[in-house]
Amino acid sequence: MAAYSRPALRNLFDESPTPHIAHPPRTHCRDFYIATDGSYRTEGDGGLGVVIETRGGKRVARLSLPDAVPNNNIAEYRALHLGLDVLAARTPRTARVGVLVDHDDLAANVNRAILAGRGPDTRPPHPFSVPRGTSHHWRGIRARVAGFDELRAARIDSGENPAHPLANAPDQYRHVNREPERCVLPADGRARSPDEGVYPPPSRANRDRPGGEPASD
């Protein structure tokens, strides 16, 4: 039975399958959860939706952007690429991340990439199935996936995806793009709980840490 008292994204992640990767209970708790969606319409008025939360349910970011793409596959890959870029700029590289998408092949490809990164020859257990026209965004997704300590993707139904309305009605949800930016990068390099506090937005936190390591990429 679903634990409905949990924050929305965490609950969805815990109850959803993670293609190609076992999903035992000990792996459920992530530091951050991100849901993305991309919409495509023949009229050209599609959109991208992103929702990012901490494991305690604090909102890190929401985006609802109009976007014209040639097909739904590109919209889905572009939305995840965008969301992971935002997540990487506002969260520690040591974060454990749960990704939620309603595109089966995209979720499977992300998890194949994770398994490939663990193998000695960097080959996935099953071949990638990357749609035509998404190669640029797929390279960006793989780079971001490799930048986190742990990440895995769960497949959810479109009707349960909180990013779905943001992607499908960007004209109605454009106000979410004006929400205050929240950055949870540790300014001093110390490990902190993602729910311990809110940090400056990337424009102010994007400075070098002690030792010359960039605060974000």
Side-chain angles (χ1 to χ4, degrees), residues 9 12-13 16-21 30 32-53 60-91 95 97-117 122-148 150-170 173-174 176-177 216-217:
L9 295 191
L12 282 171
F13 184 81
S16 302
T18 52
H20 300 299
I21 294 182
R30 311 273 95 183
F32 298 93
Y33 298 89
I34 175 172
T36 68
D37 194 24
S39 69
Y40 160 73
R41 293 186 179 89
T42 55
E43 299 84 2
D45 56 347
L48 308 176
V50 176
V51 180
I52 304 173
E53 290 181 355
V60 176
R62 286 196 302 174
L63 296 173
S64 178
L65 304 173
D67 193 44
V69 294
N71 59 59
N72 185 67
N73 287 326
I74 294 177
E76 295 283 0
Y77 276 71
R78 185 175 290 183
L80 181 56
H81 189 182
L82 169 67
L84 290 177
D85 279 351
V86 173
L87 183 67
R90 300 186 190 179
T91 58
V97 178
V99 171
L100 299 110
V101 293
D102 55 31
H103 190 285
D104 292 10
D105 287 346
L106 178 54
N109 279 335
V110 169
N111 288 343
R112 288 182 186 122
I114 294 163
L115 294 174
T122 67
R123 291 184 179 179
H126 303 282
F128 294 120
S129 176
V130 181
R132 181 178 299 179
T134 63
S135 58
H136 166 73
H137 297 295
W138 175 235
R139 287 194 298 270
I141 289 168
R142 290 197 69 180
R144 290 305 187 189
V145 165
F148 291 107
E150 290 189 32
L151 183 147
R152 67 183 55 192
R155 178 184 53 77
I156 58 176
D157 292 335
S158 180
E160 295 182 319
N161 189 347
H164 182 77
L166 303 181
N168 280 270
Y173 287 96
R174 56 178 174 263
V176 305
N177 303 309
S216 63
D217 55 0

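We're numbering straight along the sequence, starting at 1.
Annotation: the span from Ile156 atom CD1 to Asp102 atom CG amounts to 6.0 Å, rounded to 0.5 Å. Expressed to the nearest 0.5 Å, how far OG1 of Thr18 lies from CZ of Arg152 amounts to 5.5 Å. Atom NE2 of residue His103 and atom CG of residue Leu80 lie 11.0 Å apart, to the nearest 0.5 angstrom.
Under the side-chain hydrogen bond (donor to acceptor under 3.5 Å, both in side chains) criterion, Ser129 pairs with no residue at all, not counting sequence neighbours. With sequence neighbours excluded, the residues forming a ring pair (Phe, Tyr, Trp, His ring centres under 6.0 Å) with His20 are His126, listed by chain and number. Tyr77 meets the side-chain hydrogen bond (donor to acceptor under 3.5 Å, both in side chains) test with Asn109; sequence neighbours excluded. Considering only residues two or more places apart in sequence or on other chains, His81 meets the side-chain hydrogen bond (donor to acceptor under 3.5 Å, both in side chains) condition with His137. Not counting sequence neighbours, the partners of Tyr40 by the side-chain contact (heavy atoms from CB on, under 4.5 Å) test are Thr42, Val69, Asn72. With sequence neighbours excluded, the residues forming a side-chain contact (heavy atoms from CB on, under 4.5 Å) with Ala169 are Asp171, Gln172, Tyr173, listed by chain and number. By the side-chain contact (heavy atoms from CB on, under 4.5 Å) test, Ala79 pairs with Thr36, Leu48, sequence neighbours left out.
Nearest heavy-atom pair across Asn168 and Ser39 is OD1-CB, 3.6 Å. Residues Asn177 and Leu63 share a closest heavy-atom pair of OD1-CA, 3.3 Å. Considering every non-hydrogen atom in both Ala35 and Ala163, the closest pair reads O-CB, 3.6 Å. Of all non-hydrogen atoms in Val101 and Ala107, the two that sit nearest each other are CG2-CB, 3.7 Å. Looking at every heavy atom in both residues, Trp138 comes nearest to Val110 through CH2-N, 3.9 Å. Smallest separation of non-hydrogen atoms from Gly46 and Arg41: CA-NH1, 4.3 Å.
Counting heavy atoms from C-beta on, the side chains of Pro131 and Asn71 never come closer than 4.5 Å. Within the 4.5 Å cutoff, no side-chain heavy atoms of Val99 are placed close to those of Val145.
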Side chain to side chain contact (heavy atoms under 4.5 Å, CB included) between Ile114 and Ile21, worked out: CA-CA 9 Å; Ile114 294 163; Ile21 294 182; 4.3 Å; yes

Verdict with reasoning, Leu166 to Val50, per side chain to side chain contact (heavy atoms under 4.5 Å, CB included): CA-CA 7 Å; Leu166 303 181; Val50 176; over 6 Å; no

Candidate pair Leu87 and Phe148, rule side chain to side chain contact (heavy atoms under 4.5 Å, CB included), full reasoning: CA-CA 10 Å; Leu87 183 67; Phe148 291 107; 3.7 Å; yes

From CA spacing to verdict: side chain to side chain contact (heavy atoms under 4.5 Å, CB included), Thr134, Leu106: CA-CA 11 Å; Thr134 63; Leu106 178 54; over 6 Å; no

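Residue pairs meeting the salt bridge (charged side-chain N to carboxylate O under 4.0 Å, His left out) criterion with at least one member in residues 126-141: none, sequence neighbours excluded. Pairs passing the salt bridge (charged side-chain N to carboxylate O under 4.0 Å, His left out) check and including a residue from residues 63-81, sequence neighbours excluded, read Asp67-Arg78. Listed by first and then second residue, the salt bridge (charged side-chain N to carboxylate O under 4.0 Å, His left out) pairs that reach into residues 154-164 are Asp104-Arg155, sequence neighbours excluded.
The backbone N or O of Pro19 lies less than 3.5 Å from no partner atom in the side chain of Arg112, so there is not a single donor-acceptor pair. In this structure, Asn111 contributes its side chain and Ala153 its backbone to a donor-acceptor pair below 3.5 Å.
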